[in-house]
Structures are given as structure tokens and as C-alpha cells.
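These notes concern the structure reproduced below.
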Amino acid sequence: MATSPSSSVSAAAPTERYSGVAIHLHWLMAAVLLLVFLVGVFMGDLKISPTRVRVFNWHKWIGIVALALASIRLLWRATHRAPGLPASIADWQRKVTGAAHGLLYALFFIVPLLGWAMSSAKGLPVVLFGKIPLPDFVPVDKALGKTLEDVHAFFAYTLASLAGLHIVAALHHRFMLHDGIMGRMLPAHGRRRGS
Ligand code: HEM
């Protein structure tokens, strides 16, 4: 739901919620990111085998799907206002929240783009679902590939840590502050008054 331009600071209003599209994109991306992260963490331990190649490919494909979802989400967010925060939220909290959400959006792009670049640099171009070859935007360069591998891992763990803090903050609002912040991002059946 788009809100009025004056709604960035408003009294707690249980009716002022994210739109259905925003809610679906949020939870779909959360699920996809969790999946691609867990596959990424565990695939490194697989022995050289056809299974390892398949799992690596699925990691890449799910990562590209996450990148596509991030693009749709950014487009949606740029064209639809998020509901304003209740007046009970202090100024410093608004700033921290804004910075954290901005950083999350940036990482939604940085992490998969680094993975894609790494694959190109290693000379293993991405063929989405084994059918659609994606362009290489960096040249084959093994040393660069190794560096990008480390940087991809670093930012993937940064994204996971920030997402972890985001979850802790949301749970704090739902179970300690009861200020309705988390309920605004829950599908209708997961909501309850003042949560
Ligand atoms: C948001 C999306 C993504 C997340 C959260 C993510 C996360 C991760 C994680 C956690 C690892 C393991 C790092 C480590 O412990 O060393 C990893 C490895 C890897 N990722 Fe991603 N990744 C994403 C997207 C992509 C994409 C789009 C590609 C390629 C198109 C890709 C290619 C790879 C490769 C090839 C490795 C293994 C590097 C190696 O061990 O050789 N990733 N990723």
C-alpha cells in the first residue's frame, strides 16, 4: 500500500501496512537468500564429483534468481512509499533503520554480482538453468577469480550477519515492544493486533 508523502512520521497505526506485493517480495527473497546462503556454506565441503558440479550450478542459478528478485523489489520500492514509522520510534532509530535497510538493499546486488563475476573470472560462465547463457562482464583471470571468491564470501557473510540483526530487531519489536512494526510485514494470517 502506498502511503501519503507526509507519512514518514506518524502515530502507530495498525492499518498502515506494507502492500501485499511488498510483503510477498520480502518473504520470497528471505527464503531464496536463506537457501542460496546455506547451499553456499555447505557446497564447499563436497568432494569433486558430478553432484558437486550440480550443487554449484544450483547455487549460481538460485543466486541469479535472488538478483532478479532484488531488481524487482528495488523497482517496487522506488515507486511505492513504505509506510511511515510510529511516532514512538526515536530519531536515532530511524537513522539506524534507514542505514541498515539501505545496506541490505546494496548487498542484495553486491553479493550475487560478485558471485557472477567470480564465475566469469574463473572461466566458468553461468548458463542459467542449463539453458540461458549469461554474459561475462569480467575477463578470464584466475588470480582475479580467487580474489572475487574471497570478496564474495566476505560480503555473503556480511549480508547474513546484517539479516540476523534485522531478524533480532523485528522480534524485539514484536515480543518486547509490541508496537506493531513487525505485523506490518506479516501476511494477513500471521498478524495480530499490536504485534
Ligand atoms: C545473494 C546471493 C548469494 C549468496 C547469499 C551467496 C552466498 C555464498 C556463500 C555463503 C558461499 C560460501 C563462501 C565460503 O564459505 O567460502 C558462496 C560460494 C560461492 N558462490 Fe555464492 N552466493 C550468492 C550468489 C551467487 C551467484 C549469483 C553466483 C554465480 C553466478 C555465486 C557463485 C558462487 C561460487 C562459484 C561459490 C564457491 C566458490 C568456491 O568455493 O569456489 N554465488 N556463495
Side-chain angles (χ1 to χ4, degrees), residues 18 21-80 82 96-171 185 187:
Y18 281 91
V21 173
I23 291 172
H24 281 95
L25 279 171
H26 175 275
W27 292 106
L28 184 60
M29 265 197 86
V32 169
L33 287 176
L34 179 65
L35 181 64
V36 73
F37 178 76
L38 291 178
V39 174
V41 168
F42 292 112
M43 69 189 189
D45 294 335
L46 294 173
K47 290 194 300 280
I48 303 287
S49 65
T51 302
R52 181 182 157 97
V53 174
R54 265 198 298 275
V55 175
F56 266 60
N57 277 332
W58 274 103
H59 175 81
K60 295 179 183 187
W61 301 339
I62 301 166
I64 296 295
V65 168
L67 181 61
L69 284 173
S71 310
I72 295 169
R73 189 163 176 198
L74 183 66
L75 208 66
W76 182 265
R77 184 69 174 77
T79 51
H80 298 78
V96 171
T97 303
H101 291 174
L103 194 52
L104 277 171
Y105 269 89
L107 289 166
F108 292 161
F109 289 89
I110 290 169
V111 176
L113 285 172
L114 282 168
W116 183 353
M118 176 219 313
S119 293
S120 299
K122 289 186 173 189
L124 301 164
V126 185
V127 183
L128 192 58
F129 303 121
K131 302 245 184 292
I132 310 163
L134 300 188
D136 292 319
F137 58 92
V138 296
V140 175
D141 176 337
K142 298 284 170 197
L144 175 65
K146 181 68 195 115
T147 305
L148 288 171
E149 183 184 325
D150 294 342
V151 183
H152 175 67
F154 173 79
F155 281 110
Y157 283 99
T158 305
L159 173 55
S161 309
L162 196 57
L165 288 176
H166 175 79
I167 293 165
V168 169
L171 294 176
M185 192 48 106

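Each ligand, and each atom within it, is numbered from 1 in the order the structure gives.
Not one N or O on the side chain of Trp116 forms a donor-acceptor pair closer than 3.5 Å with the backbone of Gly63. Trp61 places a side-chain N or O within 3.5 Å of a backbone atom of Val127 that can act as its donor or acceptor partner. Looking only at distances, a side-chain donor or acceptor of Lys142 sits under 3.5 Å from a matching main-chain atom of Lys122. Although no hydrogens or angles enter the test, the distance criterion places no donor-acceptor pair under 3.5 Å between the side chain of Thr51 and the main chain of Ser49. Formation of a donor-acceptor pair under 3.5 Å by the His152 side chain with backbone atoms of Pro112 is not found in this model.
Close contacts between ligand 1 and Phe37 involve ligand atoms 10 (C) [criterion: under 4.0 Å to a heavy atom].
Nearest to atom 1 (C) of ligand 1 among the protein's heavy atoms is Leu33 CD2, 3.4 Å. The protein non-hydrogen atom at the shortest distance from atom 41 (O) of ligand 1 is Lys122 NZ, 3.1 Å. The closest protein non-hydrogen atom to atom 15 (O) of ligand 1 is Tyr157 OH, 3.0 Å. Counting only heavy atoms of the protein, atom 40 (O) of ligand 1 lies nearest to Glu149 OE2, 3.6 Å. In this structure, atom 18 (C) of ligand 1 lies nearest to the protein heavy atom Met43 CE, 3.6 Å.
If you look at Phe56 next to ligand 1, the close heavy atoms, those under 4.0 Å, all belong to the side chain.
The nearest pair of heavy atoms linking Ala117 to Val138 is O-CG2, 3.2 Å. In terms of heavy atoms, Val140 sits closest to Gly123 at CG2-CA, 3.9 Å.
For His24, the NE2 atom counts as loosely surrounded, since its 6.0 Å shell holds 12 or fewer non-hydrogen atoms of other residues, nucleotides or ligands.
In this structure, His166 and His26 have tilted ring planes: the angle between them lies in the 30° to 60° band.
Shown here are the protein N/O/S atoms lying under 2.8 Å from atom 21 (Fe) of ligand 1, water excluded: His59 NE2, His152 NE2.
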